[in-house]
Structures are given as C-alpha cells and as structure tokens.
Amino acid sequence: EPVLELMGIEKTYNPGTPGAVSVLGGVDLRVDAGEIVALVAPSGAGKSTLLHIAGLLDTADAGQVRLAGQEMTRSGDVARTTARRREVGFVYQFHHLLPEFSAAENIVLPQLANAVPAAAARSRAGELLESVGLTARAGHRPAQLSGGEQQRVAFCRALANAPRLLLADEPTGNLDPATSDTVFAALMRLVRETGLAALVATHNLELAGRMDRVVRLEGGRIVAG
Ligand code: ADP
Ligand code: ADP
C-alpha cells in the first residue's frame with residue numbers, strides 16, 4: 001500500500017532569474033507502508049528539497065505528491081498543514097528537542113498540540129521510549145543524554161502522533177559508527193512495529209544497504225540503487 005507517491009516532481013529555485021538553480025528534474029518515487037527506503041545522493045543533489053516537498057513543507061513546480069492516497073498537489077495551505085501534522089514525522093541531523101523539557105515531555109507536547117488527552121499522551125511517550133530502550137531516560141533533559149539517545153528520542157517525538165510517513169534527513173550524520181548502529185536498529189524496530197513508511201536520506205552506504213531498498217538521486221532524478 002503506497003503511503004508516499006511522487007510523480008514527475010520538478011523544482012527550480014529562483015526561476016527566471018540569473019540565479020536559477022534547477023534541482024529536481026522529474027522525480028518519481030513510491031514508498032509503501034512498512035518499507036524503509038534509503039535515499040542516497042551527493043551533497044547538494046537535492047535530498048533536502050525532495051524531503052521537504054514529500055513532507056508538504058515546500059511545493060513543487062510540476063508533478064504530483066500523494067500522501068496516504070490523497071492528492072496533495074493542488075491542496076490549499078490548510079489542508080497541507082493538516083495532512084502534514086497527521087501523516088508526517090520529521091527527523092533531522094540534529095535532534096531539535098526542546099532543551100528545558102524531559103525526553104518524555106518532548107514526546108508528549110506534540111500530542112497535546114494535537115488534542116490528545118494528557119494521560120494517553122504520557123502513556124504513548126512511555127511506549128515509544130520503551131521500544132527504543134530509553135525507559136530509564138524518560139525524565140532526562142536532552143543535555144543529559146548522549147548523542148545517540150537524543151536521536152532516539154527525536155525518532156520517538158517524530159512518531160508521537162502516529163504518522164504514516166517518516167522522513168529523516170541524515171539522522172545519523174552527526175554520530176560515530178557504533179552509535180549510528182544503535183540509532184538505526186531503533187529506527188528499524190519502530191518501522192517494523194508501526195508499519196510506517198520511512199524515507200531516510202543518508203551518506204552512510206553501509207546503513208543504506210541494510211534498508212529495504214536504496215534509491216539514488218542523481219542529476220535531478222531517481223535512479224535505482
Ligand atoms: P542536499 O540536501 O542534497 O544537500 P538541497 O536540497 O539542500 O541538497 O539543495 C540542492 C541545491 O539547491 C543546492 O545547490 C542548493 O544550493 C540549492 N538550494 C537549496 N535551497 C535553496 C533556496 N532556498 N534557494 C536557492 N537555492 C537553494
Ligand atoms: P553513547 O554510547 O550512546 O554515545 P555516551 O558514552 O555518550 O553514550 O554516554 C553514556 C551514558 O552517559 C548515557 O547513557 C548518557 O545518558 C549518559 N550521559 C552522557 N552525557 C551526559 C551528560 N552530559 N549528563 C548526564 N549524563 C550523560
């Protein structure tokens with residue numbers, strides 16, 4: 001079952017000016033429920049642009065974006081924001097956790113913003129932390145956690161509202177190899193447990209090779225791994 005479908009996505013920054021940068025020239029990509037896909041590309045190839053379009057943070061110049069079967073290309077801002085908040089979780093290279101809140105609170109807050117009752121939100125935060133092996137760290141603030149632990153919490157936060165699509169941009173880019181392994185194992189467990197679709201941009205070819213499928217972004221298009 002497709003969760004993300006990109007068809008003929010094109011994107012040029014500063015079109016029609018001398019500074020025009022054509023980044024995506026017809027990207028076709030599909031990610032199914034329960035599938036974790038590695039997106040590999042040289043720096044500057046347009047990975048972040050592609051993830052932002054897939055996650056409805058940015059719009060394409062041409063092509064179609066379908067999220068959970070819904071055509072989002074010509075939807076208005078309100079519909080796009082609602083779909084993004086319901087269906088998409090983001091993880092970046094740096095965790096962006098709120099420093100003055102505990103790990104558990106960082107996972108509870110996005111649920112409260114989504115009108116989930118506090119008790120249910122706390123219970124879900126506990127389950128997510130348990131599935132990444134961080135039950136004992138629930139009350140720690142981000143600065144009291146190691147880099148690997150911070151990223152595992154960031155994954156939990158991204159999944160707080162049970163999105164169907166996870167988009168991760170170099171989630172282990174700042175971690176040493178052993179820690180990357182731990183974070184990646186936690187990610188795999190979350191994907192398998194939730195049936196989520198995940199698209200993970202990475203420079204780490206070894207990690208990419210352990211995902212279900214590898215796609216490369218080259219010359220503005222997707223080519224098979
Ligand atoms: P990656 O994530 O693969 O490094 P990006 O999607 O961030 O690539 O950027 C792709 C290209 O688009 C780069 O050449 C970058 O300089 C350019 N670019 C990205 N964002 C903008 C922007 N807002 N305005 C102009 N050019 C941009
Ligand atoms: P990792 O192998 O995940 O990188 P570290 O060796 O960095 O872990 O940290 C080991 C343990 O010490 C972690 O469980 C972490 O919670 C704790 N820790 C790391 N940094 C701090 C800190 N600044 N304050 C309190 N505890 C910390």
Side-chain angles (χ1 to χ4, degrees), residues 3-31 35-67 72-77 80-81 83-84 87-97 147 150-151 154-155 157-158 163 165-177 179-180 183-184 187 191 196-225:
V3 172
L4 173 67
E5 293 165 279
L6 301 176
M7 288 155 285
I9 296 294
E10 297 178 18
K11 182 72 177 181
T12 298
Y13 290 109
N14 309 317
T17 74
V21 189
S22 178
V23 180
L24 303 177
V27 165
D28 297 313
L29 178 63
R30 168 178 163 168
V31 185
E35 185 183 39
I36 177 164
V37 175
L39 177 65
V40 174
S43 166
K47 284 191 308 286
S48 302
T49 301
L50 184 58
L51 292 176
H52 284 166
I53 290 171
L56 309 178
L57 287 168
D58 196 1
T59 52
D61 302 328
Q64 288 179 31
V65 180
R66 243 180 248 158
L67 195 57
M72 300 309 303
T73 318
R74 275 164 291 277
S75 302
D77 285 346
R80 290 167 58 84
T81 301
R84 179 171 66 242
E87 309 291 7
V88 188
F90 292 94
V91 175
Y92 299 95
Q93 182 173 355
F94 298 98
H95 58 80
H96 299 297
L97 296 169
Q150 289 167 347
Q151 280 305 70
F155 277 114
R157 181 191 47 184
L165 176 65
L166 177 72
L167 299 173
D169 198 350
E170 302 281 355
T172 62
N174 191 40
L175 304 174
D176 62 63
T179 308
S180 294
V183 169
F184 180 70
L187 169 60
V191 171
L196 179 82
L199 181 60
V200 180
T202 182
H203 281 122
N204 185 328
L205 295 181
E206 198 272 317
L207 281 189
R210 287 198 256 157
M211 299 187 207
D212 296 325
R213 190 150 63 85
V214 180
V215 296
R216 282 172 200 283
L217 182 60
E218 263 178 40
R221 286 165 170 271
I222 294 286
V223 298

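These figures come from a predicted structure and were not determined experimentally. Order of listing sets the numbers, starting from 1, for every ligand and every atom in it.
The presence of a protein heavy atom under 4.0 Å from atom 16 (O) of ligand 1 is ruled out.
To the nearest 0.5 Å, atoms CG (L187) and CG (L207) are separated by 9.5 Å. The distance from the CG atom of L39 to the OG1 atom of T202 is 9.5 Å, given to the nearest 0.5 Å.
Atom 22 (C) of ligand 1 has as its closest protein heavy atom Y13 CD2, 3.4 Å. Remark: minimum distance from atom 7 (O) of ligand 1 to any protein heavy atom is reached at S48 CB, 3.6 Å. Regarding atom 10 (C) of ligand 1, its nearest protein heavy-atom neighbour is G44 O, 3.3 Å. With hydrogens left out, the protein atom closest to atom 6 (O) of ligand 1 is T49 OG1, 2.5 Å, a heavy atom.
Atom numbering of ligand 1 starts at 1 in the shown order; those under 4.0 Å from a heavy atom of K47 are 1 (P), 2 (O), 3 (O), 6 (O), 8 (O). In summary, the atoms of ligand 1 found under 4.0 Å from a heavy atom of G46, numbered by their order in the structure, are 1 (P), 3 (O), 5 (P), 6 (O), 8 (O), 10 (C). Interface atoms of ligand 1 facing A45, defined by a heavy-atom separation under 4.0 Å, are 3 (O), 8 (O). Annotation for ligand 1: atoms under 4.0 Å from non-hydrogen atoms of N14 are 25 (C).
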### Message
Assess the residue pair I222 and L217 against the criterion (side-chain contact (heavy atoms from CB on, under 4.5 Å)); give the C-alpha distance rounded to whole Å, side-chain angles, the decisive distance to 0.1 Å, and a yes or no.
### Response
CA-CA 5 Å; I222 294 286; L217 182 60; 4.2 Å; yes
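Within the structure, ligand 1 lacks A41 among the residues with a heavy atom less than 4.0 angstrom away.
A donor-acceptor distance shorter than 3.5 angstrom exists from the side chain of Q151 to the backbone of Y92, with no hydrogens or angles considered.
Taking every heavy atom of both residues into account, L51 and A201 meet most closely at CD1-CB, 4.0 Å. Nearest approach of A198 to V191, heavy atoms of both residues: CB-CG2, 3.9 Å.
Counting non-hydrogen atoms of neighbouring residues, nucleotides and ligands closer than 6.0 angstrom, the CG atom of N14 exceeds 12 such neighbours. Within 6.0 Å of CZ in R80 there are more than 12 heavy atoms belonging to other residues, nucleotides or ligands.
Of the N or O atoms in V23, none lie within a sub-3.5 Å distance of an N or O in ligand 1.
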